[in-house]
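The next block holds one structure in the form of structure tokens; read it before the comments.
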2 protein chains.
Amino acid sequence: MGTIYDLAKITGFSITTVSKALNNYSDVSEKTKAKIVQAAADMGYLPNAHAQSLSTKRSWTIGVMFSEANEVGMMHPFFNAIIESFRKATEQQGYDLIFVSRNLRNRDMSYLEHFQHRAVDGIVVICSDQMDKHVQELIQSSIPIVVVDMDSTDCSVVFSDNLSGGTLAVNHLYELGHRLIAHIAGDMTIDAGLARIEGYKQAMDRLALPIPDGYLINGGFFSVEEGKQAMQTLLALPKRPTAVFVAGDQMAIGAMEAIHEAGLQVPHDISVVGYDDIDMSKYVTPKLTTVRQDTERIGQHAAELLIEQIVNKRRVMTTDIIPVDLIVRQSTGPVKP
Amino acid sequence: MGTIYDLAKITGFSITTVSKALNNYSDVSEKTKAKIVQAAADMGYLPNAHAQSLSTKRSWTIGVMFSEANEVGMMHPFFNAIIESFRKATEQQGYDLIFVSRNLRNRDMSYLEHFQHRAVDGIVVICSDQMDKHVQELIQSSIPIVVVDMDSTDCSVVFSDNLSGGTLAVNHLYELGHRLIAHIAGDMTIDAGLARIEGYKQAMDRLALPIPDGYLINGGFFSVEEGKQAMQTLLALPKRPTAVFVAGDQMAIGAMEAIHEAGLQVPHDISVVGYDDIDMSKYVTPKLTTVRQDTERIGQHAAELLIEQIVNKRRVMTTDIIPVDLIVRQSTGPVKP
DNA sequence: AAATTTATCGAAAGCGCTTTCGGTGAAATG
DNA sequence: CATTTCACCGAAAGCGCTTTCGATAAATTT
């Protein structure tokens with residue numbers, strides 16, 4: 001593949017000139033630039049990224065820290081959608097994503113340490129666990145960073161308008177005539193979960209609807225299984241809700257399963273609205289009514305925010321809230337008379 | 001964060017000794033090693049990966065090329081599951097994954113070029129498109145490589161036993177009494193799709209079942225939408241099948257939707273068995289009977305294969321086939337009398 | 001006591017690249 | 001024609017690390 005030294009030897013110029021020619025410096029004539037570029041093409045020359053990084057202190061890599069909360073790794077559909085759009089946006093600017101692990105050849109180091117070791121230009125964390133020690137460490141560091149789906153005043157964050165999302169869901173159910181509306185919530189340690197709870201409460205309050213005991217139930221960490229269990233608890237209530245707003249699609253799918261297993265029908269007996277609009281939502285039966293998060297926009301905006309910090313070399317600490325939409329499908333319907 | 005030069009200054013040893021101490025060379029006394037290690041810990045020293053790579057010609061990174069065929073990017077659940085298990089296995093050995101894009105700061109280069117530029121130690125390609133020019137280029141290169149879910153005699157490959165998978169599905173349906181068994185196939189340009197077709201054909205042949213015209217239908221590239229369309233075509237057939245083996249879960253979900261929309265019931269009117277056992281399969285209604293691919297094992301095995309090539313510095317060209325299982329759920333049932 | 005080993009350390013080169021700072025000769029200016 | 005400017009190029013230092021090859025002093029061996 002060759003180095004600039006080979007190129008210098010072949011063309012007869014110095015490595016300085018070769019480097020300059022390849023990097024479009026102005027102080028090299030068009031003629032010699034052409035020769036060098038040609039020679040580079042001929043030998044299939046490619047600059048060594050490590051050498052470049054070493055010398056420029058710019059690696060053109062972005063480290064991504066992924067949630068490993070509920071062990072889903074890279075299989076979380078919502079996070080995945082965000083990462084995907086983030087990737088598209090960053091790659092357009094020439095960055096590569098690097099997924100680091102915590103153990104560097106047997107030593108095991110923190111994520112921050114690992115990112116420092118790899119000398120990433122920036123970090124994106126997509127992790128819902130506010131309290132995670134590693135996340136905090138990353139935020140406190142001086143590496144450009146953007147955090148998704150989590151709140152923080154110490155760095156750039158971007159997340160959905162969960163408050164409105166909750167309200168949207170409740171209002172929709174209200175308009176369908178429902179008055180007994182329960183909420184299967186995400187764990188309170190998770191910002192998104194908390195905000196949706198708040199949205200739910202505010203909406204109920206505004207509609208002058210009481211929240212009966214047991215109607216606000218913790219669904220844990222957004223898994224299908226936990227959603228199912230929460231719904232079972234709800235079904236066992238003396239006064240069963242006619243509708244339930246679930247803080248995540250996967251949980252909602254679990255909830256629907258519980259309902260079906262109890263011999264009831266969605267939406268005939270109970271309406272359910274989810275949150276996220278993951279890919280599968282439109283394919284489950286019945287198709288899930290849900291609050292769509294704009295993963296495309298979240299990922300892209302996060303990318304912009306991060307890159308801006310990288311190129312301008314200054315930290316920005318904005319919190320950007322991305323609007324959500326209610327997608328009405330078939331899991332919600334009018335309340336039974 | 002500091003460099004070995006700082007460490008040398010602080011401890012009073014040469015950078016050579018510092019480096020050796022940090023890398024456990026035998027020709028440095030325990031005492032000085034202790035001092036140096038302690039100093040390193042104190043200042044939070046971390047070696048610069050780029051400098052190390054430059055000097056050792058080993059980057060401890062693995063490049064991953066992901067399918068971009070049907071634009072799903074990182075959102076393909078099956079590929080994702082594999083990557084996840086691959087990641088776990090490689091990270092344990094100290095490797096980081098880097099997802100490269102094709103355009104390096106405005107120039108746009110091939111994947112191979114990009115990988116060379118990043119000086120990855122190895123490559124994993126998870127892409128079903130056999131003919132992809134970039135994939136071929138990667139395979140022909142001298143970088144250690146492993147390919148997943150695709151056949152090739154020119155490199156290490158690992159994929160599921162798609163032949164048996166097809167047979168498994170057909171036999172299951174046969175045992176339920178079905179004789180009119182159709183197959184919604186993956187595109188023939190995709191190895192996995194082709195093998196499943198072959199499995200289907202062989203099984204049908206062995207059971208002395210004819211394959212009526214139109215019973216073998218191309219479902220394209222495994223999307224829900226395409227599966228749905230294929231099923232609609234199948235439903236319009238004069239002699240409608242009583243069971244259908246679908247080459248992918250997402251297509252199967254689409255197929256079920258088509259069936260339901262036609263006013264028919266799964267499995268009462270038509271049985272369907274999918275392929276992959278993606279996460280959602282057990283949550284759709286009815287829960288999908290499917291051929292499970294062992295993503296865990298595929299990813300891990302691919303990792304082993306790749307790392308072995310990296311450390312032994314020699315190419316191995318094995319093709320390893322991972323067994324599949326039939327997971328019987330509720331989308332298949334006895335044929336109507 | 002002389003000759004060898006052994007243990008411990010460091011100088012220096014090298015990995016491939018960027019960037020500063022001068023140094024040419026040619027063109028432009030007076 | 002003397003002087004300034006300009007266009008073009010290269011020497012050299014530096015990025016942070018590894019690794020070879022000696023060098024030295026201490027420990028062993030004869």
Side-chain angles (χ1 to χ4, degrees), chain A residues 1-37 39-40 43-61 94 104-105 107 113 115-121, chain B residues 1-37 39-40 43-61 94 104-105 107 113 115-121:
Chain A
M1 242 196 43
T3 70
I4 51 172
Y5 288 89
D6 302 324
L7 238 27
K9 196 165 297 175
I10 291 177
T11 60
F13 294 99
S14 71
I15 61 159
T16 305
T17 305
V18 170
S19 173
K20 286 179 178 173
L22 264 20
N23 290 290
N24 269 311
Y25 272 60
S26 59
D27 65 341
V28 36
S29 73
E30 285 305 325
K31 204 190 298 184
T32 80
K33 182 184 295 183
K35 277 188 202 164
I36 291 174
V37 167
M43 71 153 35
Y45 167 82
L46 285 174
N48 179 306
H50 299 295
Q52 283 182 319
S53 303
L54 190 55
S55 134
T56 59
K57 268 117 173 21
R58 195 92 156 61
S59 67
W60 293 95
T61 57
L104 166 75
R105 267 159 282 164
R107 299 177 186 74
E113 288 172 332
F115 285 136
Q116 288 177 161
H117 168 247
R118 286 288 184 197
V120 299
D121 290 341
Chain B
M1 242 198 46
T3 71
I4 51 170
Y5 287 90
D6 302 323
L7 239 25
K9 197 164 298 172
I10 290 177
T11 61
F13 294 98
S14 71
I15 61 158
T16 307
T17 304
V18 170
S19 173
K20 286 179 178 172
L22 262 20
N23 290 290
N24 269 311
Y25 273 59
S26 60
D27 64 342
V28 35
S29 73
E30 285 305 325
K31 205 189 298 183
T32 83
K33 182 183 298 183
K35 279 186 202 163
I36 292 175
V37 167
M43 73 152 35
Y45 167 82
L46 285 175
N48 178 306
H50 299 295
Q52 282 182 320
S53 302
L54 190 56
S55 130
T56 59
K57 270 122 172 17
R58 196 93 156 60
S59 68
W60 293 93
T61 57
L104 167 74
R105 267 159 283 166
R107 298 178 187 72
E113 288 171 331
F115 285 136
Q116 287 177 161
H117 167 247
R118 286 288 183 196
V120 299
D121 290 339

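A, B, ... follow the sequence lines: proteins, then strands. Residue 1 opens every chain.
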Verdict with supporting geometry, Val28(A) and Phe13(A), side-chain contact (heavy atoms from CB on, under 4.5 Å): CA-CA 11 Å; Val28(A) 36; Phe13(A) 294 99; over 6 Å; no

Evaluate the side-chain contact (heavy atoms from CB on, under 4.5 Å) criterion for residues Met1(A) and Asp6(A): first the C-alpha distance (whole Å), next the side-chain angles of each, then the deciding distance (0.1 Å), finally the verdict. CA-CA 9 Å; Met1(A) 242 196 43; Asp6(A) 302 324; over 6 Å; no

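Here OG1 of Thr3(A) is found 7.5 Å from CE of Met43(A). Values are rounded to the nearest 0.5 Å. The CD1 atom of Ile4(B) sits 12.0 Å away from atom NZ of Lys20(B), with the distance rounded to the nearest 0.5 Å. Going from atom CZ of Arg118(A) over to atom OG1 of Thr61(B) covers 6.0 Å, rounded to the nearest 0.5 Å. Here the NZ-OG1 distance, from Lys35(B) to Thr11(B), works out to 8.5 Å after rounding to the nearest 0.5 Å. Rounding to the nearest 0.5 Å places CG of Asp121(A) at 7.5 Å from OG of Ser53(A). Taken from CD1 in Ile36(A) to OH in Tyr45(A), the straight-line distance is 11.0 Å, to the nearest 0.5 Å.
With no hydrogens or angles considered, a side-chain donor-acceptor pair links Thr17(A) and Ser14(A) at under 3.5 Å.
On the nucleic acid side, DNA chain D has its first and last nucleotide under 4.0 Å of a heavy atom of chain B at dG16(D) to dC21(D), going 5' to 3'.
Panel note: side chain Asn48(A), backbone His50(A); a donor-acceptor pair is recorded below 3.5 Å.
Across all strands shown, Ser19(A) has heavy atoms under 4.0 Å from base atoms, whether or not it also approaches the sugar-phosphate. Nucleic acid contact class of Lys57(B) (heavy atoms, under 4.0 Å, all strands): sugar-phosphate only. Across all strands shown, Thr56(B) has heavy atoms under 4.0 Å from sugar-phosphate atoms exclusively, and none from any base.
Contacts between residues 25-34 of chain A and DNA chain D, defined by a heavy-atom separation below 4.0 Å, involve Asp27(A), Val28(A), Ser29(A), Thr32(A), listed by number. A heavy-atom distance below 4.0 Å to DNA chain D is reached by none of the residues of residues 6-14 of chain B.
Taking atom CD1 of Ile15(A) as the reference point, atom P of dT20(C) lies 15 Å away to the nearest angstrom.
Two residues, His50(A) and Thr17(B), neighbour DNA chain C, and the one matched to the more 5' nucleotide by heavy-atom proximity is Thr17(B). Between Thr16(A) and Tyr5(A), the residue anchored nearer the 5' end of DNA chain D, judged by the nucleotide with its closest heavy atom, is Thr16(A).
Of all heavy-atom pairs spanning Ala119(A) and Ser59(A), the tightest one is O-OG, 2.7 Å.
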